[in-house]
Participant: 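Please read through the structure below; I'll follow up with questions.
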There are 2 protein chains.
Amino acid sequence: MQDQRTSPHPAGGENLLFLTDDQLRRGIEAMFFAYRGFTADPDRILENYAYGRAHHRAIHFINRSPGTTVSNLLDVLGVTKQSLNRVLRTLIEDGLVESRVGTRDKRERHLYLTEEGRALERDLSEAQRRRMRAAYRAAGPEAVAGFRLVLEQMMDPQMRAWFNALKDGGS
Amino acid sequence: MQDQRTSPHPAGGENLLFLTDDQLRRGIEAMFFAYRGFTADPDRILENYAYGRAHHRAIHFINRSPGTTVSNLLDVLGVTKQSLNRVLRTLIEDGLVESRVGTRDKRERHLYLTEEGRALERDLSEAQRRRMRAAYRAAGPEAVAGFRLVLEQMMDPQMRAWFNALKDGGS
DNA sequence: CTTGGAAAGTCAACAAGGCTGACTTAATAT
DNA sequence: ATATTAAGTCAGCCTTGTTGACTTTCCAAG
């Protein structure tokens, strides 16, 4: 099962054992199982509402960038307008999200969480943070730095750009 | 100080800045965007077939544990029998998976990839490994160790058990 | 001032892939 | 003998994704 082809032996002087197909496959499986854990807690909360993961994602990014436009959200979430619209409509109808017509450009809709929306967001993200906190604490700061580094390298360039744009807040 | 059990690292020094809500939220967003990248390449390949992510997962774990039973796969994938069956049936019909009646217990079906199944598996996993390899290489071995540590801590205990069982091959 | 095009929203239809519930068949275990 | 277990099936439902066609609103350029 081991494939030495991909990473022979210390090529120059580097130890490249962490690049064997076996190591990579372990990483793939770790991502699979970890992502299941990652979404488990919010999913449990959402069961009590008539919402799903799609609603969670919308709520998360609206909270992160209050006043963001629909088309911006479309890009970040990577779904179609029709798909997002269905989710957004129920959130607006239920009074969790407010959609304000743009002042500079009145075609645009700027999205904000209402107080009720923020309450659900806090619930969901606190559950997710709790697990993250436990994992970070158990792994330690060095591991966390590595975790973040690898994840960032796994993103497509476009996603990395959005990810880094979020760093400094703003829509 | 009372936390020494949970966090081996910053016992006395107490640099816990990596546990701020802001840091945790960054980790959450990193997981979201990275997982999109993680699934993007296999998804592109699967478009050419009439298969989806569910088929990929089944193929992956059958390849990992040749001869695994249906109920074992059910546990690992975390879906219902009906859901898995739909996927498995098409894979068997299409000749990618072989289902053999158990010898010890004839109620069980043991699953194996055919040569054609292994070919698709190689395609899919090579695409996924390519991205993983690039990320690992760019991040370096220290980061990879941290990455794996944090991911493992994010899993539910049950998943961690399956994850570690896979380490030593076979079902 | 008209017109082209962008942003947003809507309707309809469809598919993948989850789910529950009810039920059968075969084989093992008690 | 009977109960339990593994697998499979049928029917129906939901969420969340997709296309395609279309409208409304509005900005901006000719």
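Note on naming: letters A, B, ... go to the chains in the order of the sequence lines (proteins, then strands), and numbering restarts at 1 for each one.
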Participant: By side-chain hydrogen bond (donor to acceptor under 3.5 Å, both in side chains), which residues pair with Arg131(A), not counting sequence neighbours?
Facilitator: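 By the side-chain hydrogen bond (donor to acceptor under 3.5 Å, both in side chains) rule, Arg131(A) matches Asp41(A), Asp156(B).
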Participant: Could you say whether Val101(A) or Leu84(A) is positioned toward the 5' end of DNA chain D, judged by the nucleotide with the nearest heavy atom to each?
Facilitator: Leu84(A)
Participant: Using a cut-off of 4.0 Å on non-hydrogen atoms, how would the nucleic acid contact of Ser71(B) be classed: base, sugar-phosphate, or nothing?
Facilitator: sugar-phosphate
Participant: Decide whether a cation-pi geometry holds between Arg26(B) and Phe163(A); the criteria are a distance under 6.0 Å from NZ or CZ to the six-membered ring centre and an angle within 45° of the ring axis.
Facilitator: yes
Participant: Only counting residues at least two apart or in another chain, list the ones meeting side-chain contact (heavy atoms from CB on, under 4.5 Å) with Gln158(A).
Facilitator: Ala161(A), Trp162(A)
Participant: Could you give the distance from CG (Leu24(A)) to CD (Glu126(B)), rounded to the nearest 0.5 Å?
Facilitator: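 Output value for this atom pair is 8.5 Å.
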Participant: Are a donor atom and an acceptor atom from the side chains of Glu29(B) and His60(A) found within less than 3.5 Å of each other?
Facilitator: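 A pair is found: one side chain offers a donor N or O, the other an acceptor, under 3.5 Å apart.
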Participant: Cut-off 3.5 Å, side chains only: do Asp94(B) and Thr90(B) have a donor facing an acceptor?
Facilitator: no
Participant: Any chance you could list the contact pattern along nucleotides 25-30 of chain C? Use B for base contacts, S for sugar-phosphate-only contacts and - for none, protein heavy atoms under 4.0 Å, 5' to 3'.
Facilitator: --BS--
Participant: Looking at Glu142(B), I want to see if its CD is surrounded by more than 12 non-hydrogen atoms of other residues, nucleotides or ligands under 6.0 Å.
Facilitator: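 Counting other residues, nucleotides and ligands, CD of Glu142(B) stays at 12 neighbours or fewer.
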Participant: What pairs with Arg107(A) under side-chain contact (heavy atoms from CB on, under 4.5 Å), at least two apart in sequence or on another chain?
Facilitator: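 With sequence neighbours excluded, Arg107(A) shows a side-chain contact (heavy atoms from CB on, under 4.5 Å) to Asp105(A), given in chain and number order.
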Participant: Test of understanding: with side-chain hydrogen bond (donor to acceptor under 3.5 Å, both in side chains), list the residues that count as partners of Asn48(A), not counting sequence neighbours.
Facilitator: none
Participant: Could you list the residues that satisfy side-chain contact (heavy atoms from CB on, under 4.5 Å) with Glu116(A), not counting sequence neighbours?
Facilitator: Leu96(A), Thr114(A)
Participant: Polar atoms only, N or O, under 3.5 Å: list the protein pairs with nucleotides 9-13 of chain C and their distances.
Facilitator:
from: dG9(C); atom 1: N7; to: Lys81(A); atom 2: NZ; distance (Å): 3.3
from: dG9(C); atom 1: O6; to: Lys81(A); atom 2: NZ; distance (Å): 2.6
from: dT10(C); atom 1: OP2; to: Asn85(A); atom 2: OD1; distance (Å): 3.1

Participant: Which part of the nucleic acid, if any, lies within reach of His55(A) when heavy atoms closer than 4.0 Å are counted: base, sugar-phosphate only, or nothing?
Facilitator: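 Sugar-phosphate only.
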Participant: What are the residues of residues 43-54 of chain B, sorted by number, that bring a heavy atom to within less than 4.0 Å of DNA chain C?
Facilitator: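 Within this stretch, Gly52(B), Arg53(B), Ala54(B) sit under 4.0 Å of the strand.
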Participant: Does anything in residues 30-40 of chain B reach DNA chain C, meaning a heavy atom under 4.0 Å, and if so which residues?
Facilitator: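 None - not one residue of the stretch has a heavy atom sitting under 4.0 Å from the strand.
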Participant: Taking only residues two or more places apart in sequence or in another chain, which ones pass ring pair (Phe, Tyr, Trp, His ring centres under 6.0 Å) with His55(B)?
Facilitator: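 Only Tyr51(B) meet the ring pair (Phe, Tyr, Trp, His ring centres under 6.0 Å) criterion with His55(B).
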Participant: Sequence neighbours excluded, which residues qualify as side-chain hydrogen bond (donor to acceptor under 3.5 Å, both in side chains) partners of Asn85(B)?
Facilitator: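 Here no residue qualifies.
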Participant: Taking side-chain hydrogen bond (donor to acceptor under 3.5 Å, both in side chains) as the definition, give me every residue that meets it alongside Arg118(A), ordered by chain and number, with sequence neighbours left out.
Facilitator: Glu115(A)
Participant: From CG of Leu77(B) over to P of dG17(C), roughly how many Å is that when rounded to an integer?
Facilitator: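 Atom-to-atom, Leu77(B) to dG17(C), this comes out as 13 Å.
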Participant: When you check the phosphate oxygens OP1 and OP2 of dC19(C), does a side-chain N or O of Thr80(B) lie under 4.0 Å from one of them?
Facilitator: yes
Participant: For Glu108(B) and dG8(D), what is the distance between atoms CD and C1' respectively, to the nearest whole Å?
Facilitator: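 Rounded to the whole Å, the gap is 15 Å.
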Participant: State yes or no: are the ring centers of Tyr35(B) and Phe32(A) separated by less than 6.0 Å?
Facilitator: no
Participant: Rounded to whole Å, how long is the line connecting atom CZ of Arg57(B) with atom P of dA16(C)?
Facilitator: 15 Å
Participant: dT15(D) P sits how many Å from His56(A) NE2, rounded?
Facilitator: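 Taking atom P of dT15(D) as the reference, NE2 of His56(A) is at 18 Å.
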Participant: Take atom NE2 of His110(B) and atom P of dG8(D), then tell me their distance rounded to the nearest Å.
Facilitator: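 Spelled out: NE2 on His110(B) to P on dG8(D) is 11 Å.
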